[in-house]
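Below is one structure, written out as structure tokens, with a few remarks after it.
Note that these values count all heavy atoms, side chains included, but never hydrogens, waters or copies made by symmetry. Positions are given from 1 along the sequence. Counting starts at 1 for both ligands and their atoms, in listed order.
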Amino acid sequence: WLLPRLDGYLEAVRELASKWSMRQIVVGAALVEDGMLLAQQRHYPAVHAGRWELPGGRVEPGESESEAVVRECREELGTEVRALERLGTDVPLLGGSGMSLRVLAVCRVAGARLPLPLEHRALRWVGGSELAGLPWLEADRLLLDSLRALLSSG
Ligand code: 9L3
Ligand code: MG
């Protein structure tokens, strides 16, 4: 009797796992100050080294997207932000991971430290006209129109 049950159980686990990975969200933070957007340059993994991205990372189980973006900015930038609205549409990440990039506009809370590149090679404040010239990760590049709109909305 055990084997058929085990089969059913494994099937259910597989289904959950694929649902979970299909819904895995990576959050990105669009932090704008004085009309400039904060971008950071990756140094890991090797395939991403040298490319620019919005700060952020995976939403952990039990965490909301806003909580994740606040935590990632603490870890990567050493600063406190507040999550504002969602920006643009989700972008599927390449590599068959099933993850999607979802960007939230954020603002630095009053009195919080200036962002530092704690886990990255470099940080840079980018103006609207410089956006297209940076070697962005592919997913982030697809959001440049929304980011430009955010910058020009003041
Ligand atoms: N990713 C792409 N664009 C971004 C971020 C924050 C992340 N703006 C991709 C790179 C990784 C994956 O998402 O493949 C997980 O991100 P992280 O946890 O390595 O930051
Ligand atoms: Mg990250």
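The protein heavy atom nearest to atom 19 (O) of ligand 1 is Arg42 NH2, 2.9 Å.
Between the CD atom in Glu67 and the CD atom in Glu72 there is a gap of 13.0 Å [rounded to 0.5 Å].
Close approach of ligand 1 to Gly57 is summarised as follows: ligand atoms under 4.0 Å from at least one heavy atom of the residue are 6 (C), 18 (O), 20 (O). Below 4.0 Å from some heavy atom of Val26 lie the following atoms of ligand 1, by number and element: 5 (C), 7 (C), 13 (O).
Note on Glu76: its N/O/S atom closest to the Mg ion (ligand 2) is OE2.
Where the criterion is an N or O separation shorter than 3.5 Å, residue side chain and backbone included, Leu137 fails it with respect to ligand 1. Residue contacts with ligand 1: His48 is placed with no nitrogen or oxygen under 3.5 Å of a nitrogen or oxygen of the ligand (distance criterion only).
With hydrogens and angles left out, the side-chain atoms of His43 and Glu119 include no donor and acceptor closer than 3.5 Å.
Residue contacts with ligand 1 include Gly56, since one or more of its heavy atoms lies under 4.0 Å from the ligand.
Contact annotation: Gly56 places an N, O or S atom under 2.8 Å from the Mg ion (ligand 2). Metal site remark for the Mg ion (ligand 2): Glu72 contributes no N, O or S atom at a distance under 2.8 Å.
Atom 5 (C) of ligand 1 has its nearest heavy-atom neighbour, among Glu53, Gln24, Glu76, in Glu53.
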